[in-house]
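Here is the structure we will look at.
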Amino acid sequence: MSKVLITGGAGFIGSNLAHALVDNNEVVIVDDLSMGKKENISDIDVTFYQHDVCDSSFMHRLLSEGHFDYIFYLAAVSSVADSVVRPLETHLVNQESVLDTLEYIRQNNLPIKKFLFTSSAAVYGNYPDFPKREDARVQPLTPYAIDKYASERFTIDYNKLYGIPTVAVRFFNVYGPRQNPNSPYSGVLSIVSKCLKNDDTFVLYGDGSQTRDFVYVEDVVNALIKISHLKIASTVFNIANGKETSLMSIINTYETVSGKQLKVKKEDSRNGDIQRSIADISKLKKIGFEPRWSLVDGLQKYWSYYLSL
Ligand code: UD2
């Protein structure tokens with residue numbers, strides 16, 4: 001049995017990962033519950049610490065006493081828009097806490113098998129090269145993207161310079177059960193789900209022509225587990241579906257799936273918002289990973305989960 005630390009493990013992606021790992025691993029979770037929820041992990045047998053990853057003395061103690069084989073670093077303020085409003089606070093979480101953990105691992109020669117950092121498609125910015133390959137030009141346009149890119153590079157450099165087994169991934173737009181819809185900065189499909197269910201009005205920023213590569217959380221979790229077990233290190237993988245969908249079009253599909261109509265109010269685009277996003281996932285495919293969830297199937301599963309709440 002391996003020992004696994006998931007920072008941000010009570011959050012959306014982290015809690016789905018914890019559910020997938022818990023049967024065959026000893027799972028420890030650190031989460032300050034700023035976006036995560038205790039209920040996300042209350043049905044599984046994990047050790048949970050409600051703590052901020054910026055509390056470095058707590059993190060150092062945990063790392064030295066935990067004897068972790070795998071560390072999945074998912075703790076983050078995961079909103080682009082929020083980072084534009086609170087650049088310094090989000091920087092401390094999205095970059096400094098990551099570097100502090102890497103540095104503690106280095107200084108203490110902790111014998112981990114893999115440190116996996118979760119970066120973001122936001123690093124690509126608005127250059128018009130599509131689909132985005134991992135070696136495409138980057139253009140981090142927001143504090144969120146800057147921090148994710150820097151942390152990703154630190155992660156990779158800690159392998160190149162110090163031999164620590166590290167790897168990074170870039171999430172595109174992940175959706176599915178347990179995504180918290182209750183912040184204005186929540187993922188768009190969690191907000192759409194809530195509005196559809198409660199007949200609330202959805203605020204559409206921009207004209208809906210902006211595109212995203214939406215990927216179902218179960219595919220993301222399977223990709224994370226697969227990548228963490230690879231012998232290779234010091235590289236970055238896109239995690240996405242490889243399909244480009246406009247916001248308007250996914251809303252229409254969701255209306256069909258749910259049999260309901262979304263009330264929409266339009267507002268100006270958000271500051272720093274990206275117009276197009278689509279991943280090249282051939283690097284993922286090369287390691288034998290293929291996303292299994294189509295948009296319709298993923299939305300159907302998400303909607304039935306949502307109705308059951
Ligand atoms: C998502 C991730 C981010 C990063 C990025 C990578 C979330 C919350 N954010 O940012 O962490 O990985 O992808 O590209 O998952 N929108 C509305 N109305 C709303 C909310 C959003 O119109 O109530 C729009 C928003 O302006 C944007 C699109 O929907 O054009 C997607 O927004 P998002 O916040 O879900 O995700 P994004 O792409 O900014």
Side-chain angles (χ1 to χ4, degrees), residues 8 11-14 16 34-36 73-85 90 93-94 117-127 130-132 134 136 138-149 151-152 168-196 198 200-217 220 224 236-241 244-252 254 262-279 302:
F12 163 43
I13 303 171
N16 279 285
S34 53
M35 279 297 275
Y73 210 98
L74 285 108
V77 180
S78 66
S79 165
V80 175
D82 195 10
S83 81
V84 175
V85 179
T90 58
V93 183
N94 291 345
F117 175 69
T118 53
S119 178
S120 163
V123 305
Y124 293 115
N126 266 328
Y127 282 130
F130 298 103
K132 298 293 184 188
E134 289 83 351
V138 297
Q139 185 190 41
L141 293 170
T142 53
Y144 177 80
I146 293 167
D147 285 328
K148 283 292 185 184
Y149 189 61
S151 299
E152 171 197 309
V169 300
R170 292 177 182 159
F171 288 145
F172 282 66
N173 288 68
V174 188
Y175 71 98
R178 301 196 191 93
Q179 190 165 26
N180 178 349
N182 293 325
S183 146
Y185 303 125
S186 294
V188 67
L189 290 180
S190 69
I191 298 175
V192 172
S193 302
K194 192 177 170 201
C195 290
L196 280 172
N198 302 336
D200 292 340
T201 300
F202 171 74
V203 179
L204 174 65
Y205 299 108
D207 61 5
S209 69
Q210 65 266 47
T211 67
R212 294 292 185 271
D213 189 329
F214 291 99
V215 57
Y216 191 63
V217 67
V220 171
L224 288 174
V236 59
F237 289 89
N238 286 336
I239 298 190
N241 213 332
E244 182 173 22
T245 311
S246 73
L247 192 48
M248 218 48 243
S249 140
I250 199 166
I251 287 172
N252 291 336
Y254 210 172
L262 186 68
K263 292 183 205 148
V264 176
K265 178 174 158 241
K266 285 193 179 165
E267 288 191 13
D268 288 347
S269 292
R270 278 171 164 176
N271 198 2
D273 200 40
I274 281 170
Q275 180 57 26
R276 278 189 77 188
S277 180
I278 173 179
Y302 190 22

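Both counts, for ligands and for their atoms, begin at 1 and track the order of listing.
Just one residue in the list I239, V169, V220, I13 forms a side chain to side chain contact (heavy atoms under 4.5 Å, CB included) with T118, and that residue is V169.
Residues S277 and Q210 have side chains that never bring a donor and an acceptor to within less than 3.5 angstrom of each other. For S193 and Y254, the side-chain atoms include at least one donor-acceptor pair closer than 3.5 Å.
At a threshold of 4.0 Å, the pair R212-D273 counts as salt-bridged, since one of the basic side-chain nitrogens sits closer than that to a carboxylate oxygen. Taking the charged nitrogens against the carboxylate oxygens, R170 and E134 have no contact shorter than 4.0 Å, which rules out a salt bridge.
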Write out each pair where an N or O from ligand 1 and one from the protein are under 3.5 Å apart, with the distance.
from     : atom 1 : to   : atom 2 : distance (Å)
ligand 1 : 9 (N)  : S78  : O      : 3.4
ligand 1 : 11 (O) : S78  : O      : 2.6
ligand 1 : 11 (O) : Y144 : OH     : 2.7
ligand 1 : 12 (O) : S120 : OG     : 2.9
ligand 1 : 13 (O) : N173 : ND2    : 3.4
ligand 1 : 18 (N) : V203 : O      : 2.7
ligand 1 : 22 (O) : Y205 : N      : 2.8
ligand 1 : 30 (O) : Q210 : NE2    : 2.9
ligand 1 : 30 (O) : R212 : NH2    : 3.3
ligand 1 : 30 (O) : D273 : OD1    : 3.2
ligand 1 : 30 (O) : D273 : OD2    : 2.7
ligand 1 : 35 (O) : V188 : N      : 2.7
ligand 1 : 36 (O) : N173 : ND2    : 3.3
ligand 1 : 38 (O) : N173 : ND2    : 3.0
ligand 1 : 38 (O) : R212 : NE     : 2.6
ligand 1 : 38 (O) : R212 : NH2    : 3.4

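Taking the six-membered ring where the residue is Trp, F214 and Y175 present perpendicular rings, their angle passing 60° and hence far from 30°.
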